[in-house]
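Written below as C-alpha cells is the structure these notes are about.
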Amino acid sequence: MSNKPIQPERPDRRGVMFVVSSPSGAGKTTLTRRMLKEMNGVELSISATTREMRPDEKDGVHYYFKTREEFERLIEEDELLEWAEVFGNYYGTPRGEVERLQRKGTDVLFDVDWQGARVLKQVMPGDVVSVFILPPSISELKSRLEGRPGANPDAVMQRLSGAGRDIKRWGEYDFVIINDDIEIAYDELCAILVTERLDRRKPSQGARVDKLLDDAEALES
Ligand code: ADP
Ligand code: 5GP
C-alpha cells in the first residue's frame, strides 16, 4: 500500500473524503447509490476489482472490472491509493480517480472495506470522515445477502461468516448507522455529509468567510 498524499489543485474547495463501509449485505450500496443520485456535489470513487460483475452492474460505473494480472500491474505501477484482498478478490482505489475528483473540489464517496478506510484515514487524515453501516441483526443480514441480485449460496456463506470480523472494526469509524428502516438510515447518512460540509474547521469554509471579510473590509475603507 502506498502512502503518497493527494495534493488538491483547488485550494478554495477541498472535498470531503466520505468513506462508507459495512459488513457485506448491510445495505451500503443501496444507501450510497441513492445518495449519489439525489445529493449534489458528491461523486463515487470508482474502485478497481477482480471480482465478477453482478447483473445490475456496469464496468466503469460501479467498478473497473480487471483480471488479476491487470490488477497486479496496477499495484506494481503504484496506481492505487490503497488496495486490499476481500473474499478472495482484489479491490483498490485508483489514485487517478481521487485526483480527478479532488481537482473539481467535489466530495468523494469511497465504498471501501475497513482496511481501505484505515489507509485513507492515514493518507488524508484531515479530509476523511468515515461511516460504518450495520444491519439490525445477523438473521436480517443473511436474508439481505440471500435476496441480493446474483446471490449464490457459497458467496452468501462466505460473506456471512466474515461479518463478525468486519463488525469488530466498528470503533475505528467516526459514525455508525444501524440500517433497519432504510429511510431513516438514508436521512442519517445524508445528515453526516451535510454536517461535514458545514464544519468550521474545513478549509473550504475558511475560504468562504475570508471572501466575506475581504468584501466587508473593502466597504470600510
Ligand atoms: P452491501 O452493499 O452493504 O453489501 P446492498 O446495498 O447490496 O448491501 O444490500 C443488500 C440487500 O439488502 C439488497 O437486496 C438491498 O435491497 C437490501 N436492503 C438494503 N437495505 C435494506 C433495508 N433497510 N431493509 C431491507 N432491505 C434492505
Ligand atoms: P462487493 O463485492 O460487495 O462490491 O464489495 C466487497 C467489499 O469490498 C465491500 O466491503 C467493499 O466496501 C469493499 N471494497 C470495494 N471497493 C474497495 C476498494 O477500492 N478498496 C477496499 N479496500 N475495499 C473495497
Side-chain angles (χ1 to χ4, degrees), residues 1-2 17-37 44-59 61-66 71 74-75 79-98 101 108-123 128 130-152 154-156 158-163 165-170 172-173 176-189:
M1 289 190 200
S2 168
M17 304 274 130
F18 198 58
V19 175
V20 185
S21 307
S22 74
S24 189
K28 175 193 49 182
T29 307
T30 309
L31 289 164
T32 54
R33 276 193 195 174
R34 181 166 165 195
M35 175 178 244
L36 290 162
K37 206 163 101 190
L44 178 69
S45 157
I46 305 168
S47 296
T49 183
T50 58
R51 87 144 158 72
E52 274 182 31
M53 207 186 314
R54 293 188 187 130
D56 60 338
E57 289 179 327
K58 278 202 188 99
D59 188 28
V61 175
H62 302 107
Y63 281 106
Y64 297 111
F65 293 92
K66 304 280 180 195
F71 198 100
L74 293 177
I75 299 172
E79 293 284 337
L80 301 176
L81 193 57
E82 62 76 32
W83 63 273
E85 196 157 359
V86 188
F87 307 124
N89 286 303
Y90 286 133
Y91 294 83
T93 304
R95 191 179 290 285
E97 277 291 305
V98 184
L101 295 166
V108 189
L109 194 150
F110 295 84
D111 170 343
V112 297
D113 80 330
W114 63 270
Q115 303 170 86
R118 181 184 275 182
V119 175
L120 291 173
K121 202 144 202 164
Q122 279 165 6
V123 178
V128 168
S130 60
V131 185
F132 201 44
I133 299 185
L134 289 172
S137 67
I138 299 300
S139 61
E140 174 63 16
L141 183 66
K142 183 165 182 276
S143 43
R144 287 186 193 173
L145 283 167
E146 286 167 346
R148 190 159 62 180
N152 74 66
D154 287 349
V156 168
Q158 188 188 34
R159 282 158 193 263
L160 202 58
S161 60
R165 189 193 53 215
D166 286 351
I167 293 169
K168 277 196 191 125
R169 303 282 167 184
W170 75 282
E172 295 180 26
Y173 288 79
V176 176
I177 293 176
I178 308 279
N179 176 23
D180 189 354
D181 179 312
I182 191 84
E183 295 303 321
I184 294 174
Y186 180 67
D187 286 349
E188 289 173 346
L189 189 67

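Counting begins at 1 with the first residue of the sequence. In each ligand, atom 1 is the first atom listed, and ligand 1 is the first ligand listed.
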Logged contact type for Glu52 with ligand 2, heavy-atom cut-off 4.0 Å, is neither

List by chain and number: which residues place a heavy atom under 4.0 Å from ligand 1?
Ser22, Pro23, Ser24, Gly25, Ala26, Gly27, Lys28, Thr29, Thr30, Glu140, Arg144, Arg148, Asn179, Asp180, Ile182

Measure the shortest side-chain to side-chain distance between Glu97 and Val108 over non-hydrogen atoms and say whether it is less than 4.5 angstrom.
no

Are the side chain of Arg144 and the backbone of Gly25 linked by a donor-acceptor contact shorter than 3.5 Å?
no

To check your reading of the model: name the closest protein heavy atom to atom 19 (O) of ligand 2, its residue, and the distance in Å.
Ser47 OG, 2.7 Å

Could you tell me whether Phe110 approaches ligand 2 through its side chain, its backbone, both or neither, with non-hydrogen atoms closer than 4.0 Å?
neither

Hey, which atoms in ligand 2 end up nearer than 4.0 Å to a heavy atom of Arg54?
1 (P), 2 (O), 3 (O), 4 (O)

Do Glu146 and Arg159 sit within salt-bridge range, that is, some charged N less than 4.0 Å from a carboxylate O?
no

Which atoms of ligand 2 are found less than 4.0 Å from any heavy atom of Gly116?
22 (N)

Sub-3.5 Å donor-acceptor pair from the side chain of Glu57 to the main-chain atoms of Arg54, do we have one?
yes

Heavy-atom check, side chain of Ser24 versus side chain of Leu145, under 4.5 Å:
yes

How close does the nearest protein non-hydrogen atom get to atom 20 (N) of ligand 2, and which residue and atom is it?
Glu82 OE2, 2.7 Å

Using atom types as modelled and distance alone, determine if a side-chain donor or acceptor of Thr49 lies under 3.5 Å from a backbone N or O of Tyr90.
yes

Applying a strict 4.0 Å limit to heavy atoms, is Arg51 in contact with ligand 2?
yes

Distance under 4.0 Å to a non-hydrogen atom of Ala84: what atoms of ligand 2 satisfy this?
22 (N)

Side chain to side chain, Tyr64 and Ile46, heavy atoms closer than 4.5 Å:
yes

Would you say Arg159 has any N or O atom under 3.5 Å from an N or O of ligand 2, going by distance alone?
yes

Geometric cation-pi criterion Arg51 and Phe87, 6.0 Å radius, 45° cone:
no

Consider ligand 2: state whether an atom of it lies below 4.0 angstrom from any non-hydrogen atom of Trp83.
no

So which of Lys28, Arg148, Gln115, His62 gets nearest to atom 9 (C) of ligand 2, if we judge by its closest heavy atom?
Lys28

Using a 4.5 Å cut-off on heavy atoms from C-beta on, say whether the side chain of Phe132 contacts that of Trp114.
no

Protein heavy atom at shortest distance from atom 13 (C) of ligand 2
Asp113 N, 3.6 Å

Starting from atom 4 (O) of ligand 2, what is the nearest protein heavy atom, named by residue and atom, and what distance separates them?
Tyr63 OH, 2.5 Å

Has the side chain of Glu82 got a donor or acceptor atom that lies under 3.5 Å from a matching backbone atom of Leu120?
no

If we only count heavy atoms from C-beta on, is the Leu109 to Met35 side-chain gap below 4.5 Å?
yes

Side-chain touch Asp111/Val20, heavy atoms, less than 4.5 angstrom:
no

Atom 7 (C) of ligand 2 [closest protein heavy-atom partner, distance rounded to 0.1 Å]
Val86 CG1, 3.9 Å

Contact between ligand 2 and Gly92 is defined here as a heavy atom of the residue under 4.0 Å from a ligand atom; is it met?
yes

Nearest option to atom 16 (N) of ligand 2, as decided by whichever heavy atom of Thr32, Leu80, Asp111 sits closest:
Asp111

Given side chains that start at C-beta, do those of Glu172 and Ser21 come closer than 4.5 Å, heavy atoms only?
no

Does Tyr91, backbone or side chain, put an N or O under 3.5 Å from an N or O of ligand 2?
yes

Contact partition for Glu97 relative to ligand 2, non-hydrogen atoms under 4.0 Å:
neither

Rounded to the nearest 0.5 Å, what separates atom OG1 in Thr50 from atom CD in Glu85?
7.5 Å

Less than 3.5 Å between some nitrogen or oxygen of Phe87 and one of ligand 2, yes or no?
no

State whether the side chain of Asn179 and the backbone N or O of Ala185 hold a donor-acceptor pair below 3.5 Å, judged by distance alone.
no

